[in-house]
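A note on names: the letters A, B, ... follow the listed sequences, proteins ahead of strands, and every chain is numbered from 1. Scope of the values below: all heavy atoms of this structure, side chains included, with no hydrogens, waters or symmetry mates.
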Amino acid sequence: MDFQAEVNCGLHLVIQTSSLPEKNKVEFRLNKETSSFPGRLLQHDLERNYSSRQGDHINLVSSSMPSFPILQRSSEEKILYSDRLTLERQKLTVCPIIDGEEHLRLLNFQHNFITRIQNISNLQRLIFLDLYDNQIEEISGLSTLRSLRVLLLGKNRIKKISNLENLKSLDVLDLHGNQITKIENVNHLCDLRVLNLARNLLSHVDNLNGLDSLTELNLRHNQITFVRDVDNLPCLQRLFLSFNNISTFESVCCLADSTSLSDITFDGNPIAQESWYKHTILQNMMQLRQLDMKRITEEERRMASVVAKKEEEKKRESHKQSLLKEKKRLIINNVARKWDLQQNRITNIATNQERKDSDSQDNSQNDGGTMSAFPEETGSLDSGLTSALQGLSVTDTHLVEVDGDTLSLYGSGALECLDRNWSVQTAGMVTTVSFTFIEFDEIVQVLPKLKIKFPNSLHLKFKETNLVMLQQFNALAQLRRVDQLTVDPQGNPVVNFTLWKYYVLFRLSHFSMQKINGTEVTQNDMIMAERLFGILAHVASSELPQYRLISILGDARKKQFRYLLETKGKKPGIVNEENNDSKRLVGENTNRATLNYTTRDFYNEKLEEIKEKKKFCKTYIEDLVKEATEINMKNEALQKLWPQMFIELVRDAVIEIRNKNSYMKICLQQITDQK
Amino acid sequence: MLSPERLALPDYEYLAQRHVLTYMEDAVCQLLENKEDISQYGIARFFTEYFNSVCQGTHILFREFSFIQATPHNRASFLRAFWRCFRTVGKNGDLLTMREYHCLLQLLCPDFPLELTQKAARIVLMDDAMDCLMSFSDFLLAFQIQFYYSEFLESVAAIYQDLLSGKNPNTVIVPTSSSGQHRQRPALGEASTLEGVEASLFCQCLENLCDRHKYSCPPPALVKEALSDVQRLTFCGFLVALSKHNGINQALGALPDKGDLMHDPAMDAELERLVVRSRLHRTSRQHRAEEPGAFGFQRRDKPEAPETVPSASAPTPCLYRWEPRE
């Protein structure tokens, strides 16, 4: 019989009968006055159809109600099939009145045109009611059927589940192929084992509590986007969600909590197209035995857990990365703001800036040369990161970031990172160093450290570093080698000067730079640079007095220059020549070496120091001058007086020896007195 | 040198006039600073070198501004050094802004003040937008006037203001009489309709100033000559006239004539040698085909590309000589 195919689930129908006979002997007798009936049913049609199909004769008799046919069966029929009545394909538009069949247990109205359930209230022993494929618009008229166990209302026009309050014994409820939009009024059906709501208009699943016996829930071919309450169904084993609108696992996450589920289908949903579909389901629903009508093997399960773990890892990783990126962005913003303040205000801001030290630096530091920048303890790190992020107040003032071959420093506090111990591998990989929001003068001071700690750094980038003078480029000469230089116009006014690149090439010619601000350096450029500034170099080296050269160059170059000076032949130009030895020792054209850069602060400091000396010199010279002028004065006075004195001397002498005798006596006297 | 008036001054004044003390003090100061280095090769040699460099004009290289400004000779030497070092920039035809010239100045003197450069630029640009471009010679001549005679110019500015506002600094105010005795200029309204001041009056004031000024002044005769063909002049006009007057330039003695500003054959030869050397230094590296103006930034005034081949004269022997040595 038809209804059995619908309920193919191992249902144990109470109705214990031998196979039902093909033919039913039912009689219909139609009221002759049915011509006034809204002309849908004619007796001869009925007879014709019925007898052609089933060969029974039905008699419909007139009843007291003018519009309902009355059904009567022959007594043999009644005795033979006392508990069942099949009225399928009878072209019924209304439920006929069924008289004298109060012990009917099975009623079949399939394939008719019935619009309302009526006239069956008296069949209070009814267990099985099949109204499949009719035109019923509303569930009603069932309130007396307290024994009803199977209610088949598929393929009707029902819009709402209602009026099932008294059907507490309901075992199977089939409402497929209707227009139901919402699951409701089923919470009291605690014996319900099968609920079929396929091919309806459901958009979500909830309100399922109370269905404590539900084993199978069919929701195929709906518009479901999310599922809830399924974990409240303690017996649910099979859940069919094929051909719905589920796209994320979160929308059905309650399924993970349902321990009874063993069979589930998701095919035809967007979620089934996702790459992570299978392993996510398997990973989250360990209790499943079949997915999409296919058995789940151990292998699959294992794969799923592996993949899921990997995904988890990746997600965590990307989460970490995005957190870190956010943090970096915040820090950089902070540094930028501080920098702006610094630039706009002439006076120094007091240096009471707190520093989020170990958190920001350790999380960014690269140790061990791995690409990821995190240590391995994930849990603590997550919390550490989030707390750091939360604790990241606007006082975080610098950022150090190592990204493979680039070391990026933001904010002047970042320069301290050069004091840290960097692993040789990490430091060796760094080829580009980028400075942002740091005063160039401060960078100059750490260049020696940079040279030592990051020996392979070949490309320097400066942005917002307050490069204003050509002279500042002189400071870069002390590095070992620079292949590329990038000076961002933002925050570096020096770039506005026409000749800045030529000056850089000239001063740093020993580096043989290849690129400046992304453009290749050509032979022509080098020549132009020499042409423009060559004389400056020449003047700076050959025309300075030696002591100045030495004092400017300092100790390291002393030996170098002495060597050169010894070989300084008759041709002054040669002293600037490349000499392999000199290159090895110094590594640069020595004629440029005197072009140095001292930061303004140092310069002023030096001038201050010299003031003392100057004062001393002044007084010293003054003393000397005084002495000299005194001597001069005395000299001049002497010059003036000398003639007179000379005359007097001569006169005195002449007077003395005028009288020879008395003079001799006086001399002798003098000699004896001396004894 | 041995003129009698030399001996007419008392000692200090004589020394001060020749700035001998300045150099002595500076020498001793340098000696103190570099005690360890200098003691190794003798103090006498040090003093020799020092005063030699003073004579040659190289003592001001890379020195602080206070020293450079201290004596007229220092100033003149500085101007000359600047000219020699950066003449090539001018020769190239580049026009630079005031700030760029200031940068170049700072290469030679790290703490050179910006105000001086600004004032010099104002002479050239006549108070126009300060970001205008200037040619090397224009700037240099204006800068020379501004730097060398800076104190003088300040006084002149004051005089000019006075004249402009109607006060004549030459007036002697006799307190006994009433208002009629003052030789007042006519009402301000009349002065303001005409620009500047009357040239002859101005010259007279300048002469008086030169007489009593202890700072260096341009020779008054030359000043008069410079202003001879104008009736009235503004302060800017005066400065421009000064800077363009060749005689004053020669009197200063630091720079060659304007026409010769780009010429310095000795340095050019030296430069060629340097360029050749640097070219050879790079021939070992791989280069791309030569592209003029590879930097891609705007050169404001592109001259003929200086692609001179080194002359096959004196430099070549030394090339041949040091190559095999390596």
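- Note that the OG1 atom of B/T88 and the CG atom of A/L536 stand 8.5 Å from one another [nearest 0.5 Å].
- Ranking B/N34, B/L32, B/L31, B/L61 against chain A, the residue ahead of the rest is B/L61, based on heavy-atom pairs under 4.5 Å.
- Ranked by heavy-atom pairs shorter than 4.5 Å toward chain B, the options A/G518, A/A529, A/C617 are led by A/C617.
- Note that the CG atom of B/L107 and the CD atom of A/Q472 stand 11.0 Å from one another [nearest 0.5 Å].
- The SG atom of B/C29 lies 11.5 Å from the NZ atom of A/K618; values are rounded to the nearest 0.5 Å.
- For chain A, no part of B/H102 is nearby; none of its heavy atoms comes within less than 4.5 Å.
- Among B/T58, B/N52, B/D26, the residue with the largest count of heavy-atom pairs under 4.5 Å with chain A is B/T58.
- Both the backbone and the side chain of B/R99 come within contact range of chain A, each with at least one heavy atom under 4.5 Å from a heavy atom of that chain.
- Using a 4.0 Å cut-off between charged nitrogen and carboxylate oxygen, B/E64 and A/K614 count as a salt-bridge pair.
- Heavy atoms from other residues, nucleotides or ligands lying under 6.0 Å from OH of A/Y620 number 12 at most.
- Ranked by heavy-atom pairs shorter than 4.5 Å toward chain A, the options B/Q56, B/R87, B/Q30 are led by B/Q30.
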Working note: A/M528 + B/N92, criterion side-chain contact (heavy atoms from CB on, under 4.5 Å); need CA distance, chi angles, decisive distance, verdict. CA-CA 9 Å; A/M528 178 57 67; B/N92 228 8; 3.1 Å; yes
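- Residue with the most contacts toward chain A among B/S53, B/P110, B/G90: B/P110 (heavy-atom pairs, distance under 4.5 Å).
- At a threshold of 4.0 Å, the pair B/E272-A/R531 counts as salt-bridged, since one of the basic side-chain nitrogens sits closer than that to a carboxylate oxygen.
- For the pair A/T498/B/E100, a side-chain contact is recorded, criterion being any heavy-atom separation below 4.5 Å from C-beta on.
- Scanning both residues, A/I535 and B/R84, for their nearest heavy atoms gives CG2-O, 3.3 Å.
- In terms of heavy-atom pairs under 4.5 Å with chain B, the best-connected choice from A/Y503, A/Y603, A/F533 is A/Y603.
- Chosen from B/T22, B/V89, B/V20, the residue pairing most often with chain A at heavy-atom distances under 4.5 Å is B/V89.
- Ranked by heavy-atom pairs under 4.5 Å with chain B, the list A/I610, A/N517, A/N604 is led by A/I610.
- Across B/L96 and A/L499, no two heavy atoms sit closer than the pair CD1-CD1, 4.0 Å.
- Of all heavy-atom pairs spanning A/V468 and B/C103, the tightest one is O-SG, 3.7 Å.
- To the nearest 0.5 Å, atom CG of residue A/N496 and atom OG1 of residue B/T97 are 8.5 Å apart.
- Rounded to the nearest 0.5 Å, atoms CD (B/E25) and CG (A/L624) are 10.5 Å apart.
- Going from atom OG of B/S66 over to atom CG of A/L607 covers 6.5 Å, rounded to the nearest 0.5 Å.
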